[in-house]
*Asks:* 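Could you have a look at this structure, given as structure tokens, before my questions?
Chain letters run A, B, ... following the sequence lines, proteins first, then strands; residues in each count from 1.
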Number of protein chains: 2
Amino acid sequence: MAMEADPVLIRPKPEQGAQGVGRVIAYVKEAMLAGRLQPGDRLLPERDLAATLGVSRPVLREALRGLAQLGLVETRQGSGSVIRRPSPEMLRDVFTFTLAADRGAVEDVMEARIAIECQAIRLACTRAGPAELARVRAALDGILATVEDAEAGGRADAAFHAALVAASGSQTLMAMHDTLSELLLVSHVARRRETLGTKRIRDSLAEAHRDVFAALMAREPDRADATLRAHFRIGDELRRERLAEVPRTTAG
Amino acid sequence: MAMEADPVLIRPKPEQGAQGVGRVIAYVKEAMLAGRLQPGDRLLPERDLAATLGVSRPVLREALRGLAQLGLVETRQGSGSVIRRPSPEMLRDVFTFTLAADRGAVEDVMEARIAIECQAIRLACTRAGPAELARVRAALDGILATVEDAEAGGRADAAFHAALVAASGSQTLMAMHDTLSELLLVSHVARRRETLGTKRIRDSLAEAHRDVFAALMAREPDRADATLRAHFRIGDELRRERLAEVPRTTAG
DNA sequence: CGGCAAGATTGGTCAGACCATGGCCATGGA
DNA sequence: TCCATGGCCATGGTCTGACCAATCTTGCCG
């Protein structure tokens, strides 16, 4: 009686001990871990693989879709399915939905962004090669060319910061930065509109970006971190100053 | 400005093809991000939802499987599909593949963790009240009480760092730290075992944690940041030293 | 030899049928 | 009246076979 105890209460992980879709997912995962399947390897065509594994094609497709969402497989119509080296793409999704469910105030999102960028510029000081530096340089030029234009300036600003993070060579930091940038997208444009006002303010911002780039070129992590923090602080101060002294005259 | 919560719209990455399966995945993701679907909400039965979305049931199932693999949906036979908030635990599996492909992935995630914690301790210096500080203190005591025990010490260490991040009062930083900590669990215990060896090393680590706490109590953000960074650096150096000089004697 | 078109291969989707599991309700027994 | 069990219905899991769409390969022509 009690010996036939609660099999219902045993909750294996979805792929473990399962049939059908779960079995196929487990088979592919295990083959990858065992080295029998390597990134770049092509799987049998769906019809053949389904027959080989003894499942129907919709079941196989379902399994492949699951693996594809995890970035372990890439499937192309007319071409086939290829094993992939996992990329941080899905990390971006996970952060996005985690933060969407648990998002803090915008300031907190901004703090997280500051954290990521400051760590990124530290790494960039030691890791960035000439190509990465040239990209940051180009992004800086984009900022200087668009200081008068809130919309284009906002995009140039975002591109500059993204180039900074990319120069770190850290895929984790890039994935996180992508998520945070999207979260901040709307407020970012508004922030910029509120900041741009006088020529003095615009020059200050341009100067701050030049300082950040110079710090990166100097290759000193602590200085670069401090300079980037100062840049964010300046932006805050200028915005406060602007709001305190200059009544809003443009509907923006 | 940012005084009120921003109604930020996030555009999820367009799903591959954006027809059929991709469209369904995008639909669910968008609905979650827009708040129309919340964790705990039950989706229509498969047959009904497929009809509603104008796709066949295998297509819908494929989409649900993809979402399930990302932890966004949980599907139970006989019961239905429920929206879930992504749990970082599902990342562990995938991170195993990432590690198999790239041993350096741990260091990458570690950099992100350092970024989050250093920003958190900065915020904690200005935001933490007596209750938060007491919690960090209690977590420090937990570390000091478990320096001889790799397993319990690992948990106490994690609890200390989580308490630091919690003391920042930033929901965003906490959510990100949770996710990163889950990733690092894959290798965390092994790292700690490699580090603990001699009494000298254990004392160094205990001292470093005390320093971090003292810096937090001093309420100086720059000093706290630098002290925490030094703590991470010390951990790295001790680990390298340990691996270089002391042959592994425990099978652990 | 190179380019283009046609055919073959392979993935994407659909419809309909059947099997398996979970939940709820009703009935019977204590 | 309460609890346990069984039956039924709802819902997910899988299969078969057909057709559509995209990619690749081969052959032919200039």
*Asks:* In chain order, what residues pass the side chain to side chain contact (heavy atoms under 4.5 Å, CB included) check against A/Ala159, with sequence neighbours excluded?
*Replies:* none

*Asks:* Got a sec? Which of residues 52-61 of chain A come in under 4.0 Å of DNA chain C, heavy atoms?
*Replies:*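 Heavy-atom contacts with DNA chain C come from A/Arg57, A/Arg61.
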
*Asks:* List the residues meeting ring-ring contact (aromatic ring centres under 6.0 Å, His included) with B/His161, not counting sequence neighbours, and say none if there are none.
*Replies:* B/His209, B/His231, B/Phe232

*Asks:* Note the angle between the end axes of the helix from C/dC1-D/dG30 to C/dA30-D/dT1, five pairs defining each, rounded to 10 degrees.
*Replies:* 10°

*Asks:* Which whole-number value in Å describes the distance from A/Asp48 CG to C/dT9 P?
*Replies:* 11 Å

*Asks:* Would you please name every residue forming a salt bridge (Lys or Arg N to Asp or Glu O under 4.0 Å) with B/Glu46, sequence neighbours left out?
*Replies:* B/Arg57, B/Arg61

*Asks:* Going by the rule side chain to side chain contact (heavy atoms under 4.5 Å, CB included), which residues pair with B/Ala105 if we only count those two or more places apart in sequence or in a different chain?
*Replies:*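 Listed in chain order: B/Phe95, B/Thr98, B/Leu99, B/Asp102.
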
*Asks:* Are any of the side-chain nitrogens in B/Glu74 or B/Arg76 under 4.0 Å away from the carboxylate oxygens of its partner?
*Replies:*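 Between B/Arg76 and B/Glu74 there is a salt bridge, with a charged N closer than 4.0 Å to a carboxylate O.
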
*Asks:* List for me each residue that meets salt bridge (Lys or Arg N to Asp or Glu O under 4.0 Å) alongside A/Asp48, sequence neighbours excluded, and say none if there are none.
*Replies:* none

*Asks:* Holding to salt bridge (Lys or Arg N to Asp or Glu O under 4.0 Å), I want the full list of residues that pass it with B/Asp141, two or more places apart in sequence or in another chain.
*Replies:* B/Arg137

*Asks:* Does A/Ala224 have any side chain to side chain contact (heavy atoms under 4.5 Å, CB included) partners at least two apart in sequence or in another chain, and if so, which?
*Replies:* A/Ile121, A/Cys125, A/Ala215

*Asks:* When you list every nucleotide of DNA chain D with an atom under 4.0 Å from a heavy atom of chain B, which one comes first 5' to 3', and which comes last?
*Replies:*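 That gives a stretch of D/dT11 to D/dT14.
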
*Asks:* Can you check the A/Arg47 CZ to C/dT9 C1' distance for me, whole Å?
*Replies:*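 It works out to 9 Å between those atoms.
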
*Asks:* Report the residues that fulfil salt bridge (Lys or Arg N to Asp or Glu O under 4.0 Å) with B/Arg47, sequence neighbours left out, ordered by chain and then residue number.
*Replies:*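 Partners of B/Arg47 by the salt bridge (Lys or Arg N to Asp or Glu O under 4.0 Å) criterion come out as none, since no residue qualifies.
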
*Asks:* In whole angstrom, give the distance that lies between atom CZ of A/Arg76 and atom C1' of C/dT9.
*Replies:*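 Distance, rounded to whole Å: 15 Å.
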
*Asks:* Which residue lies toward the 5' end of DNA chain D, A/Ser79 or B/Leu43, if each is placed at its nearest nucleotide?
*Replies:* B/Leu43

*Asks:* To the nearest Å, how far apart are B/Glu46 CD and C/dA15 C1'?
*Replies:* 15 Å

*Asks:* Does a side-chain N-to-carboxylate-O contact under 4.0 Å join B/Glu132 and B/Arg127?
*Replies:* no

*Asks:* Which ring-ring contact (aromatic ring centres under 6.0 Å, His included) pairs, counting each pair once, include a residue from residues 36-83 of chain B, with sequence neighbours left out?
*Replies:*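 Residue pairs with at least one partner in residues 36-83 of chain B: there are none.
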
